[in-house]
K.L.:
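I have a structure I would like to understand better, so I am pasting it below and will then ask my questions one at a time.
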Amino acid sequence: MLTAEQHEKLRGWFAGRVPDELFEDLVDVTVDREEITVVGRIPEPRLAGGASAAEREAAVAARIAEFRERSRDDRVAVAREAEHRFRRKVSWGVECGSERALFTHVAAPVMTRLRQPQRRVLDTLVAAGVARSRSDALAWCVRLVERHADDWLTELRDSLEHVRRVRSRGPDAPPREEDAEADADGV
């Protein structure tokens, strides 16, 4: 996990490197150990005032598809540079109106050991047709937790950042300027 400062620098790099005409706004830059996902806002299609929900949905889907095709070369150039620099794959997505679409992104394998009660949960989801496999069932569970525990996960991430800051001031940390000045004054 990145520190808040590292994440800000990464977001800043993309804000400076992505061509201005690519997005109206850089909405989100998310990172984990394997992947950086960059999401930008693109303009909504212009429709007549009385456009139906179906017409609006089709227009947004077409706008996203058009953007994906038209911007491929620019996105690939930025991704290649970022992948070399940050040693992670880069994935892209857009927001258009209220729709968010992620383009091809990494599906990283995760190994886990589960005891029988947890395996039974996954097998129940498979048997009920909610998931095709234990792997799909586990991904479904993670999405469910993510959706319902967002505030808790945000608080946990903030706490981890606080722990990192406190650790960095521990006895093995390089001296800070104010500590060096205090030592020089004989305090």
Side-chain angles (χ1 to χ4, degrees), residues 1-46 59-110 139 142-182:
M1 216 166 121
L2 297 179
T3 65
E5 182 180 353
Q6 289 169 326
H7 187 262
E8 289 169 4
K9 286 181 178 180
L10 183 87
R11 182 179 169 84
W13 185 88
F14 277 97
R17 180 59 185 86
V18 170
D20 288 339
E21 63 277 0
L22 197 63
F23 298 127
E24 288 183 328
D25 184 32
L26 186 62
V27 176
D28 194 18
V29 177
T30 308
V31 63
D32 68 11
R33 287 187 291 185
E34 292 83 23
E35 176 181 29
I36 300 168
T37 304
V38 180
V39 178
R41 175 161 297 287
I42 60 174
E44 291 183 64
R46 283 181 240 137
V60 166
R63 172 62 52 91
I64 291 170
E66 182 276 332
F67 170 84
R68 184 177 185 186
E69 194 60 37
R70 174 178 44 82
S71 66
R72 181 170 279 121
D73 290 341
D74 286 337
R75 290 184 294 108
V76 166
V78 173
R80 280 193 182 125
E81 189 176 333
E83 287 169 4
H84 178 72
R85 181 183 186 102
F86 301 112
R87 307 245 187 274
R88 291 174 172 89
K89 287 291 184 189
V90 175
S91 300
W92 299 89
V94 294
E95 284 186 1
C96 184
S98 60
E99 183 71 26
R100 178 176 244 193
L102 295 178
F103 305 151
T104 304
H105 49 283
V106 175
V110 178
V142 169
R143 286 191 303 273
L144 184 66
V145 168
E146 178 185 40
R147 189 172 302 130
H148 294 290
D150 195 42
D151 292 339
W152 181 79
L153 290 171
T154 299
E155 187 177 341
L156 187 60
R157 287 183 187 111
D158 291 345
S159 295
L160 287 170
E161 178 63 27
H162 177 72
V163 167
R164 238 187 237 106
R165 282 193 308 271
V166 170
R167 254 192 216 137
S168 73
R169 295 191 306 255
D172 297 332
R176 298 181 310 180
E177 269 185 45
E178 56 269 17
D179 294 339
E181 289 171 8

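Model, not experiment: these values are computed from the prediction.
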K.L.:
Is the backbone N or O of V27 less than 3.5 Å from a side-chain atom of D25, with the two atoms forming a donor-acceptor pair by type?
P.N.:
no

K.L.:
Quick one: list whatever passes salt bridge (Lys or Arg N to Asp or Glu O under 4.0 Å) with E44, sequence neighbours left out.
P.N.:
none

K.L.:
Which residues pass the ring-ring contact (aromatic ring centres under 6.0 Å, His included) test with F67, not counting sequence neighbours?
P.N.:
F23

K.L.:
Donor-acceptor check, side chain of H162 to backbone of L160, threshold 3.5 angstrom: yes or no?
P.N.:
no

K.L.:
Backbone N or O of V90 within a donor-acceptor pair of the E83 side chain at under 3.5 Å?
P.N.:
yes

K.L.:
If you define the side chain from C-beta out and look only at heavy atoms, does anything of T104 sit under 4.5 Å from S91?
P.N.:
no

K.L.:
Taking atom CZ of R80 as the centre, does the number of heavy atoms from other residues, nucleotides or ligands within less than 6.0 Å exceed 12?
P.N.:
no

K.L.:
Could you grab the distance from atom CZ of R63 to atom CD of E99, nearest 0.5 Å is fine?
P.N.:
14.0 Å

K.L.:
Determine whether more than 12 heavy atoms belonging to other residues, nucleotides or ligands lie under 6.0 Å from atom CD of E5.
P.N.:
no

K.L.:
Measuring only between side-chain heavy atoms, which start at C-beta, is K9 closer than 4.5 Å to L2?
P.N.:
no

K.L.:
Assess whether atom CD of E66 is packed by more than 12 heavy atoms of other residues, nucleotides or ligands within 6.0 Å.
P.N.:
yes

K.L.:
Okay, side chain of R165, backbone of T3: is any donor-acceptor separation there less than 3.5 Å?
P.N.:
no

K.L.:
Just do the salt bridge (Lys or Arg N to Asp or Glu O under 4.0 Å) check on R11 and E8 with the steps written out, would you?
P.N.:
CA-CA 5 Å; R11 182 179 169 84; E8 289 169 4; over 6 Å; no

K.L.:
Kindly determine whether W92 and V18 satisfy side chain to side chain contact (heavy atoms under 4.5 Å, CB included), including the steps that lead there.
P.N.:
CA-CA 12 Å; W92 299 89; V18 170; 4.1 Å; yes

K.L.:
Could you tell me whether R41 and E95 have a side-chain N and a carboxylate O separated by less than 4.0 Å?
P.N.:
yes

K.L.:
Go through the steps to decide whether F103 and V38 satisfy the test side chain to side chain contact (heavy atoms under 4.5 Å, CB included), and finish with yes or no.
P.N.:
CA-CA 10 Å; F103 305 151; V38 180; over 6 Å; no

K.L.:
Could you give me the CA-CA distance, side-chain angles and deciding distance for D28 and R100, then say whether side chain to side chain contact (heavy atoms under 4.5 Å, CB included) is met?
P.N.:
CA-CA 11 Å; D28 194 18; R100 178 176 244 193; 3.5 Å; yes

K.L.:
Taking atom CZ of R17 and atom CZ of R85, what is their separation to the nearest 0.5 Å?
P.N.:
10.5 Å

K.L.:
Is there a side-chain contact between K89 and H105, using heavy atoms and a 4.5 Å cut-off?
P.N.:
no

K.L.:
Taking all non-hydrogen atoms of both residues into account, name the closest pair between C96 and P45 and its distance.
P.N.:
SG-CD, 3.9 Å

K.L.:
Working note: E81 + W13, criterion side chain to side chain contact (heavy atoms under 4.5 Å, CB included); need CA distance, chi angles, decisive distance, verdict.
P.N.:
CA-CA 11 Å; E81 189 176 333; W13 185 88; 3.5 Å; yes

K.L.:
Say you draw a straight line from NE2 of H7 to CD1 of I36; how long is it, rounded to the nearest 0.5 Å?
P.N.:
9.0 Å

K.L.:
Is there a side-chain contact between P19 and V78, using heavy atoms and a 4.5 Å cut-off?
P.N.:
yes

K.L.:
Using salt bridge (Lys or Arg N to Asp or Glu O under 4.0 Å) as the criterion, list what pairs up with D74, not counting sequence neighbours.
P.N.:
none

K.L.:
Kindly check if the number of other-residue, nucleotide or ligand heavy atoms within 6.0 Å of NE2 (H84) is above 12?
P.N.:
no

K.L.:
Testing the basics here: between L22 and I42, what is the closest heavy-atom pair and its distance to 0.1 Å?
P.N.:
O-CG2, 4.3 Å

K.L.:
Closer than 4.0 angstrom, basic N to acidic O: yes or no for R143 and E146?
P.N.:
no

